[in-house]
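Notes to accompany the following structure.
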Amino acid sequence: MPDTKRTATGVLGGLAGLVGLSAAAGVLIAATVTPAVAITSTAAERAITMFDNLPSVLEIDKLMLPSNFYYTDPATGQPSLMTQFLEQDRTPVNFDQINPVMYDALLSSEDPRYYQHGGIDLIGTTRALLSNAGGAAETQGGSSISQQYVKNVLIQKCEQNAETEYETDEAGEIVTDEATGLPIEKVSREQVLQNCWYDATTADGAEGYTRKLQEMRYAISLEQKYSKNDILLGYLNIANFGGITYGIEAAARRYFATTAANLTVAQAATLAGMVQNPNSYRIDRAGGSIFGSDGATFNKAPDGAIDEGANLAALDALVASGDITEEQKFAAADGYTSTKVRQLYVLSRMLEDGKITREQYVEAAVWPITPSIVEPKTGCANAGGAAYFCQYVKYVILNDPAFGETRENRQDTLQRGGLNVYTTLDPRVQIPAEQAMAENAPTSAADMPTAPDYTPGRFGSATVSVEATTGRVLAMAQNTIFSEDAAHADDWNYSAQVYAGDQTFGNSRGFNAGSTFKLFTLVDWLEKGHSVNETLNGSTRVFKRMKTCESDWVNTTNTVVNNFNRQRGYVGTPMQFTRDSLNTGYFAMAEKLNLCDIGNVATKMGVLDAYNNAPANLNTLTSVIGITSVSPLAMAEAYATIANNGTYCQPQVIDRVTDADGNELPKPQRACSEVIEPRVAATAAYALQGVMNGGTGAAGSPRDGVPLIGKTGTHESIQSWLVTSSTKVATATWAGNVDGGGDIFKTWYNGNKLSDIRYRITRAVQGAANDAYGGDRFAREDAELTKQVLTDLPNVVGKSIDEATKILTDAGFTVEVGGPVDSDQPEGVVAAQNPGPGKVAGGSTVTISPSNGQGVTVPDVSNRTLEDAKKALRSAGFGNVGDGACTVDAAAGAQTRSTATNPGAGSVVNRNTSITVDYAAAVCGGGGGRGGGNGNG
């Protein structure tokens, strides 16, 4: 076992550091650089001065550590690792977390006098310097553990400070990879790291001697500041063990699927042997192939025989001594021969130093190197079905200044900063989401059954669930296979885009929202004080004009926008229009609003254009029914706002962040704020519940008793949506085309149209969320916003056609002009309207009829003699006047008395209409009246 205290010799060595040892080192350096004058006092003096003038303080930075993404295991309440991001796979451990045999293996092979010297093994250093000065092909080390620690610290400093060069365009802007959204490296990070290692380890000539001298200076200073055990532990935590494997704990896990505390003698000797040249002796290459830093390759022969030239004399000696058989020798040597040779050297040094017994030596020597490789869990590809959730979290970090001033700084923090990121993911919702997606959505529709003569587009699907009261994202699943490999860029089964996100958080351009976007018209309708039970004309018709932020939109081509599946429109209420997702009903609502205000509602509820992260531009009729491309996550948050009584919570995927030592760090700022009056939200929820209770979204309801709001949406034949929410959790599911215009209504998977999988996926995911979080009754709707409403219809009789049309249109009515009617109004003036003035359904169609100028009002001629009555009618303009019915009236005496006309008094009829006069007389008969001799004239 290693000594735990410095010996007296070590103390003396340390005291000699800056005086005796620096002088000796100076003479040695002078001897190798300028042999002719090495023995002169002048050369020695110059060397000593040079040594003393070198910097002595080495600042040891924090180790480059992986960042860990966690989710909370609901069964235990404890964090569970999702994945890591790393440039160096390292897990620091304490001194007592390493099996002492590892210390013995390292010290016996690398620095047997470690506890006796003051930072520099003068004997080893002298031997190395003389060998190098003699023209050795490769610079020898001769470095103590302290010097090697110094070298590793300097390498890490170089790696941390090295700036990555990126590809730029003609304007000097950094070019990003279209698939991943990340900057494209001009020089690979691997090459940058290799340059740091090369500069620190392979410089020769005068530069090499200066480097060695600086190592010595730092090592002496290091030993004056830290204990031997601290330096030894520091070295084992920082040392490279091949590739991206750093530190003894990661090496034990990587190569042997164990821990540093449980390493065997054979395993410890193997790892101790690696540190001399990690990439030459690593044992994680397929087929036993090892690629060293100098490009050398070591392979076992095809027949499994030992490589020629391999120095396996130690095994031969064991065969000769009878400790092992020839077969055991070949079994032990088979595989990683070069590494075995190095391991045998370490074992022999341990045996010689008395650190292991001969029995342990033989047992370890005969052991064939048998790695049990454990790949580091790194990157979102290793997060399984939660890969796209992971990728979204990564985008949040890469875009938040809390993690670095630039995107490149933030990338470095993610890869090296040792962050512990505790995410909001909930497996109770995430796992069912993954399962529902796998069962219902293909990774690509390229080979799916389709209607004849039809080619599918690039199909995609995503589902995302958020906690309504906090904005915490609970689950995110996608149909594609996660990959950031450029080789998969043209394969529709793979993607690194996060379909649930937007351009900033997911590298996605979003998807046309369809009728899910009607939510914002509904909210604006209620905010303007309208009732959901107000009657409107939702008939299929030409909608001529809409108010916008600037000039009005005018339907100059009289285009009719139909309902889904050419459903007939009708006169109805927003309650009905929402339940049935009636486009024309919502157009009727929008006629009374301003598209600009509807867009503002979407913005304050967190829904922006997903591509440019700007407010949606609503400037046409079809804007109302969702031509804007939005993200599923934004739509889930918008419906969650309704469920949360009008309070919008920004989406958050990170609960907390700590550094490697467990200290709390600032997390991305997310806030909740009331953006809609609670009474408006409650009434919107009242209308949206009808969608899930017998409306267009009913097929997506889990039917588990938890109250739900929701809305379906389609955009032409290429996008489909279903967004639902309880009072606790909202879920948005989208299935459609990422690129191209494939018809999802004519493509099937597992017997279901791709347009219908939204129902099956949502039913499973929202059902799982309901199981985990429950749900309450929604707040009660507002009485004022749900009252029955009729509209005042103005009287436009006597107005010109144009004036009447404007009056009625401004009042929200649709106007139709009928044919001319008889009227005493001037020709062309409105003579009649149907329905007449009064309380009617808002938005009704009013037919106005112009006067033909031929109408005459029948005057009241009652109680006149028959002759006087007829004269009066002729005077009024009627040319065809006759006797009507006679009624016997004994009181009439000798006079006839007119009683009524037909048409009746006050009627407006054409002047050529026949008018008859009814009268009373003492005696009726004889073809006319008597008593006045007037007869029929």
Side-chain angles (χ1 to χ4, degrees), residues 67-85 377 380-394 396-397 419-440 462-478 482 498 500-501 632-633 636-637 639-640 643-644 649-658 662 664 667-668 670 672 700-708 724-733 760-776:
S67 290
N68 305 304
F69 283 9
Y70 297 98
Y71 64 88
T72 300
D73 185 337
T76 64
Q78 297 301 310
S80 184
L81 183 66
M82 179 191 301
T83 192
Q84 295 180 306
F85 291 87
K377 189 175 184 179
C380 288
N382 283 278
Y388 293 98
F389 182 98
C390 167
Q391 186 80 336
Y392 189 93
V393 178
K394 185 177 80 172
V396 169
I397 291 173
L419 301 177
N420 292 307
V421 180
Y422 299 92
T423 73
T424 59
L425 182 141
D426 187 337
R428 295 174 298 177
V429 187
Q430 175 67 30
I431 293 174
E434 295 171 18
Q435 293 171 341
M437 189 62 65
E439 292 170 3
N440 294 287
T463 186
V464 58
S465 296
V466 299
E467 190 172 30
T469 54
T470 63
R472 297 173 70 251
V473 181
L474 305 174
M476 188 181 292
Q478 188 165 311
F482 183 85
V498 182
L633 178 55
E637 290 287 356
Y639 280 78
N644 195 28
C649 292
Q650 294 175 302
Q652 59 174 318
V653 290
I654 299 174
D655 278 334
R656 54 189 287 260
V657 182
T658 70
E664 292 286 336
K667 71 171 187 176
R670 300 292 185 266
C672 294
S701 174
R703 295 184 176 87
D704 53 10
V706 175
L708 290 180
T724 58
S725 185
S726 68
T727 58
K728 303 297 184 181
V729 177
T731 298
T733 301
R760 302 171 69 88
I761 294 172
T762 302
R763 192 162 60 237
V765 180
Q766 186 68 55
N770 292 350
D771 286 343
Y773 290 84
D776 304 318

Nearest heavy-atom pair of [X] and [Y]: which atoms, and what distance?
| X | Y | value |
| --- | --- | --- |
| Pro432 | Pro427 | CD-O, 3.6 Å |
| Pro702 | Gln766 | CG-C, 4.1 Å |
| Ala643 | Ser725 | CB-OG, 3.4 Å |
| Ala764 | Ala436 | CB-CB, 3.8 Å |
| Pro707 | Gly775 | CD-O, 4.2 Å |
| Lys728 | Gly774 | CG-O, 3.4 Å |

Determine yes or no for a side-chain-to-main-chain donor-acceptor pair under 3.5 angstrom, with [X] supplying the side chain and [Y] the backbone.
| X | Y | value |
| --- | --- | --- |
| Asn644 | Ala640 | no |
| Thr727 | Asp776 | yes |
| Glu434 | Ala475 | no |

Determine whether Phe389 and Cys380 make a side-chain contact, defined as any pair of heavy atoms from C-beta on separated by less than 4.5 Å. no

Close side-chain approach of Leu633 and Tyr392, heavy atoms under 4.5 Å: yes

Is there any salt bridge (charged side-chain N to carboxylate O under 4.0 Å, His left out) pair reaching into residues 465-475, and which pairs are they, with sequence neighbours excluded? Glu467-Arg472, Arg472-Asp655

Enter the distance from [X]:[atom1] to [Y]:[atom2] here, rounded to the nearest 0.5 Å.
| X | Y | atom1 | atom2 | result |
| --- | --- | --- | --- | --- |
| Thr724 | Asn770 | OG1 | CG | 8.0 Å |
| Met476 | Thr424 | CE | OG1 | 8.5 Å |
| Leu425 | Ile654 | CG | CD1 | 12.5 Å |
| Thr733 | Met437 | OG1 | CE | 6.5 Å |
| Arg670 | Thr470 | CZ | OG1 | 12.5 Å |
| Leu81 | Asn382 | CG | CG | 10.0 Å |

The single option from Val765, Val429, Val473 that satisfies side chain to side chain contact (heavy atoms under 4.5 Å, CB included) with Val464 is Val473

Residue set satisfying salt bridge (charged side-chain N to carboxylate O under 4.0 Å, His left out) with Asp704, at least two apart, ordered chain then number -> none

Taking only residues two or more places apart in sequence or in another chain, which ones pass ring pair (Phe, Tyr, Trp, His ring centres under 6.0 Å) with Tyr422? Tyr70

For Gln78, what residues pass the side chain to side chain donor-acceptor pair (under 3.5 Å) criterion, not counting sequence neighbours? none

Not counting sequence neighbours, which residues clear side chain to side chain donor-acceptor pair (under 3.5 Å) with Lys667? List them please. Gln652

What residues form a side-chain contact (heavy atoms from CB on, under 4.5 Å) with Ser67, not counting sequence neighbours? Leu414, Leu419

Side chains of Asp426 and Gln430: is there a donor and an acceptor less than 3.5 Å apart? no

For Asn440, run the side chain to side chain donor-acceptor pair (under 3.5 Å) check against Arg763, Gln435, Arg760 and tell me which one passes. Arg760

Worked verdict on Tyr773 versus Thr469 for side chain to side chain contact (heavy atoms under 4.5 Å, CB included): CA-CA 11 Å; Tyr773 290 84; Thr469 54; over 6 Å; no

